Structure formats: structure tokens, C-alpha cells
Amino acid sequence: AVPSKGSKITGIQYEESIRPYIDLIDTLRSVGIHKDLALPTIVVIGDQSSGKSSVLEALSGVALPRGNGIVTRCPLELRLKKVPGVNWKAVLTYDKKADEYVNSSNFAAQNELAGKGVGLSDELITLEVMSPDVCDLTLIDLPGIARVPVEGQPEDIGKQIKRLIMKYIKKHETINLVVVPCNTDIATTEALKMAQEVDPEGIRTVAILTKPDLIDKDTEKSVLAIVHNKVIPLRKGYIVVKCRGQQQIDDEIPLEAAAQMERDFFQNHDYFRCLLKADNATIKSLAVKLTQDLVEHIKKSLPQLQEQIKNQLWSVKKALKDCEDGPPEDHEGAKEFLIKKSILFPKVNNSNELSENYRGMELPGFINYRMFQKILQDHVAKLKDPAMNLLNAIKGTITHICDKINNIQLTQLEKAEQRISEQFKMENRIYTQDPIFLKILSEITNETFSEKELPVFDKQCKYSQMLEAYYEIVVQRMADQLPLMITFYMLQETAQLLTIDTIKLLEKPDVHELLSEDSDVSKRRKDLRARLNRLTSATKAISIIF
């Protein structure tokens, strides 16, 4: 339980039972883990002019902005830390900036995040208050619900605010703190309706009834019925508070004096005196209750929270492993990357292995020399597709290694394609040295053919073997020539050109920009790395307590 003022519990025991749990959630939110999963949170909502700002001011000692229309335009995380022996201090943090808080700080922060005027922003502003007089508590204050837009506000301002509020209160990890004036019909308040929509059984909703001094005479019992859960039952109940009114603010009544005046109001009230005895009234009772509720909520949520972090961390690591490392973004890293790739490039050569798949073709018979020539041309032409496949395979290897050297690669690819095409055009001519042809024919037929029989050589019964012999010569010739051409143009010559260009690029100041990759891939990798950092930090933080 949370100790009240005057309790004999020591400061060390107090810190061990309360502060670590609240600090843990504050730390997790600071590292951005709320972007990945929901955190145990108390969110403050209310209609405009419900007294929400006065309640938060009484809890924190912070003079929050006041005025007509929308005053809160960004979610405000209010971190209250009870620190004995220090003077009141507040620090405002937003957009990676931290400033000591003054009365206009919140307006300036909101203007920077949401723009000047009446715009809204989902970006969180954090206000950390350290004082011996505050409770240990963290709340998130959301904009008051506007029913009718005032001058300068967009027509859909109400929908914008509700969308922002719903984003927080729909999460099961959120305790919804609804601020409702006593002098209105509770059933018609928009904030309570929204809370009921996401929490119909009232399990995670607590209501604050404000302005009890402004109710009409003879309506006191109606207020008591609400507090006693007889109208709209809430599991976490109701608390009535009386904060400083505008006149007291104008008279500069300090918060300490206002707290005593609040207690005197309930103590001397004929109907509400009972609420004071039951701890259902005053800001002090509210602070104790909220701290208790938040810490208990955090403790219950920790096992599931730890499991969620563990599962997401595993998933992110797996996703990052599947997403290959990208090029470095810094200048020196980019230079080193290019140097390494230019050294590695000439070593790449899969042509021997790939060319093994393209040896040998079937051969039908023929009648005369013209048919013999035509058949050979057709069969040699069939080798062109495997040759181009080999070229594309080498091209794919190069692309994989260095995706951004497109100009060099395309030029060399055109050269290689042109040279291969020329080779196949030349193969349309039936040509080989006679000794070579006779040697291969002798090997195929196991007979001896002599050059003495030339220039006339016509044995029709041997046509099929003659065709096979010449085709074998062509295949052997191509098996050597094609990998040689591809290796020369796509690897050796490309490597030389790449090395020269790389050395030139290293002297440029924007060398890292040359290694930019597909925006979607880069964005995914960047998001995954950011998530990995958040989840790793969260794992370390949560392991200290749990």
C-alpha cells in the first residue's frame, strides 16, 4: 500500500515499494517502447471546462496553461516525483529537447509540435516535477473534448480530439481517469460516455467529481448517489475534489492554503463530511488512490509485459537477419565499403560451374550437305540461349555484390552481348581445320580417317557421325569462348573500370550518398534497428525489477 502522510514507514521502504515501478514505466516510455506495445498508464480525460487543469495543477503544483477553447493540444505526460529535501523543480522535455519549466513553456512546446493556433499533435510532451510535496505518480493529460468549435478551430475539431483520446483509452493497459463537474448531468458528459464505450463494466475507470461548491441546493444527495456507485457503477470508484477557483487564482492563494481550504469545505459540509471520512474526497486522497491504483496495475501487468517484449525482440532479430545489412551511411564507412567491394569484385567467377550445365545436345540424321549445314546451324543456334543465361547469371552475381555500379555494368553487358551475338553469327559458317575434324570423327567412330582421302570425302553411311563430330567441335569451341568472353567483359574489364571509378569516388564529399538503396528496404531496416534498440533497452530495464 502507499503510505499516507504521517505513516511510520521509512523512506527506503517507501522507495522500494513505489518508486521503482513507476520509474520503470517512465523509462520504458522514454526509450519509446510505447510505440511497440501498450504500457500501464493513467490517462486523464474530460470535457472542456470540467476542471481537469485545476486537478492536475493541485496534484503537481504546476501552473498549467488556462484559457478559452483548446488549451491542451498535445498529450502531456506529467511525471510527479516525491523528492525530500529539494526545492520544487520542473523540467519540460519534447522533441529531444529539455528545458526548465516556466509558465509559457508548455505553450511554446505545443506551438512547436502542433503549430501555432489550434492544431493538434500526437507527439508527447513530458513534464517532470520533483518536489517533497507531490505524490509519486505519472499521468498523461489529453485535450479537453470540444462540443462546438470556436473561432479559428476546424469544424471537425471534436472528431480530432476524440480520435486522439480513443487512441489511449481503448487500450486495456490504460486506467481512464475521467474528470466530471458535479454541477452537470453525469450521464451526458462526453468523456464518461467514451470511457464507458471502451470499458463498459467500469473495471479500469475512475472518476473525479469537481466543483462541488457550485451544485444547486438540494442536489447533494444526487452527488452522493453517484459517489456511492448507485448511478453509473465504476469498479475503481469516485472521488470528489474542490480545487482553486478563478477568484482564488486571481487572489494568488497558494496551493497549500487551497488544500487546507478544501479540507475545511468537506469537514464543514453537512452532506459531504462523510466522504472525507471514507477517503472519497480531497486532492490528497485522490493522489494516494491514484498512486496505489497505478502501482498495483503495473505489478499485475509486468509478467505479460516482459513476455511481450521478449517475443517482439525475438521477432525483430529474426526480421533483421532476413533483411541483409545495408551500406553504411557515414562518410568513412562508405569509403571503406567501396574499397572492400572493389577488392572483392575481381575474385567473383562462377562461370566454370555455370557453364557445365550447357554441354551436349541431341543430333538427328541428315541427307545431303545442305541439310547437314542447316541442321548444324539450327543446333548451334540453340546454344545461344544457354550462353545468354550464363551471361545473365554472371550479371546477377555482379548486381548482388554491388548494386549501384549500374552504368559500368550496363556498358559491359552490352559489349558482352554484342560479342556473343557476333560469335554465333560466325558459327553459321561451317568451318574447322581438317585435321581437327578427322581426329574427332576418328574418336567417335573408332575408325581411322586419313587426310590422304581429302579433298574428296563422301561416305553417306557416316553422315550422322560426321555431323556429331563437327557439332562436338563447335561445342568445345563455344565452351571455351563464351566463359572467356563473359569473364573478360563482365568480370575482368568491369573490375578494372570499377576500381578506377571507386578511387575517383572516394575523393568526393558525398560518397555515402552514392550507396543509397531502395527507400522501402532502407526504411524497413532503419525501423527494425530502432525497434531492436528500444526492446533491448526495455529488456534491461525490466530485468532489474522482475
Side-chain angles (χ1 to χ4, degrees), residues 346 348-399 405-445 449 451 454-460 462-498:
V348 179
N349 191 346
N350 293 329
S351 58
N352 289 338
E353 178 183 351
L354 291 168
S355 62
E356 291 294 331
N357 297 323
Y358 307 117
R359 291 182 180 270
M361 301 286 287
E362 291 186 352
L363 180 68
F366 64 90
I367 305 287
N368 53 40
Y369 182 76
R370 287 183 179 275
M371 183 62 70
F372 171 73
Q373 185 181 37
K374 181 69 170 63
I375 290 172
L376 280 173
Q377 289 173 346
D378 290 344
H379 277 280
V380 170
K382 291 179 181 179
L383 294 174
K384 187 171 182 179
D385 285 340
M388 290 303 179
N389 289 340
L390 174 60
L391 176 60
N392 288 327
I394 296 296
K395 171 193 169 186
T397 304
I398 296 170
T399 302
I405 317 298
N406 286 328
N407 290 337
I408 294 175
Q409 182 196 21
L410 290 174
T411 300
Q412 293 305 110
L413 180 63
E414 289 174 1
K415 285 184 181 180
E417 287 178 343
Q418 181 180 354
R419 185 64 188 85
I420 291 172
S421 295
E422 289 172 352
Q423 182 71 29
F424 276 94
K425 287 179 181 179
M426 286 189 286
E427 291 296 342
N428 281 328
R429 293 177 61 101
I430 305 301
Y431 177 84
T432 185
Q433 296 291 327
D434 290 340
I436 297 173
F437 176 72
L438 294 175
K439 180 177 180 294
I440 299 299
L441 183 60
S442 297
E443 292 174 355
I444 290 174
T445 60
F449 293 91
E451 295 181 46
L454 299 174
V456 178
F457 183 80
D458 187 3
K459 292 185 179 181
Q460 188 170 350
K462 300 295 182 183
Y463 277 2
S464 62
Q465 286 90 348
M466 293 164 62
L467 181 58
E468 183 180 354
Y470 184 79
Y471 186 74
E472 180 65 25
I473 292 170
V474 172
V475 168
Q476 289 186 10
R477 188 158 57 209
M478 300 290 266
D480 288 335
Q481 282 291 97
L482 293 179
L484 190 61
M485 284 186 285
I486 293 172
T487 301
F488 177 75
Y489 288 110
M490 296 300 293
L491 297 178
Q492 183 178 337
E493 195 171 81
T494 300
Q496 293 172 354
L497 295 171
L498 173 59

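The figures here come from the full heavy-atom set of this structure, side chains too, leaving out hydrogens, waters and symmetry mates. Quick caveat: nothing in here was measured; it's all calculated off a predicted structure.
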Practice prompt. Provide the closest heavy-atom pair for Phe437 versus Ile473 in the form atom of the first, atom of the second, distance.
Written response: CA-CD1, 3.6 Å
Discussion item. Which residues pass the side chain to side chain contact (heavy atoms under 4.5 Å, CB included) test with Ser442, not counting sequence neighbours?
Written reply: Phe449
Item to complete: Given side-chain contact (heavy atoms from CB on, under 4.5 Å), test Phe488 with Arg419 step by step and report yes or no.
Response: CA-CA 11 Å; Phe488 177 75; Arg419 185 64 188 85; over 6 Å; no
Worksheet entry | Spatial distance of atom CG (Asp480) from atom CE (Met478) [nearest 0.5 Å] | 11.0 Å
Worksheet item: Taking only residues two or more places apart in sequence, or in another chain, which ones meet Lys415 in a side chain to side chain contact (heavy atoms under 4.5 Å, CB included)?
Response: Thr411, Gln412, Tyr489, Glu493
Worksheet entry | Taking every non-hydrogen atom, the tightest pair across Tyr470 and Arg429 | OH-O, 3.6 Å
Item to complete: Measure the CG-CG distance between Leu467 and Leu441 for me, rounded to the nearest 0.5 Å.
Response: 11.0 Å
Fill in: Pairwise side-chain contact, Ile486 with Ile420, heavy-atom cut-off 4.5 Å (strictly under)
yes
Practice prompt. Quick one: list whatever passes salt bridge (Lys or Arg N to Asp or Glu O under 4.0 Å) with Arg477, sequence neighbours left out.
Written response: Glu427
Discussion item. Determine whether Gln476 and Glu472 satisfy the following criterion, side-chain hydrogen bond (donor to acceptor under 3.5 Å, both in side chains), listing intermediate values before the conclusion.
Written reply: CA-CA 6 Å; Gln476 289 186 10; Glu472 180 65 25; 3.1 Å; yes
Item to complete: Using a 4.5 Å cut-off on heavy atoms from C-beta on, say whether the side chain of Glu422 contacts that of Met485.
Response: no
Worksheet item: Do Tyr471 and Val475 come close enough that some side-chain heavy atom pair is under 4.5 Å?
Response: yes
Worksheet item: For the atom pair CD1 (Ile444) and CD (Glu468), what is the distance rounded to the nearest 0.5 Å?
Response: 4.0 Å
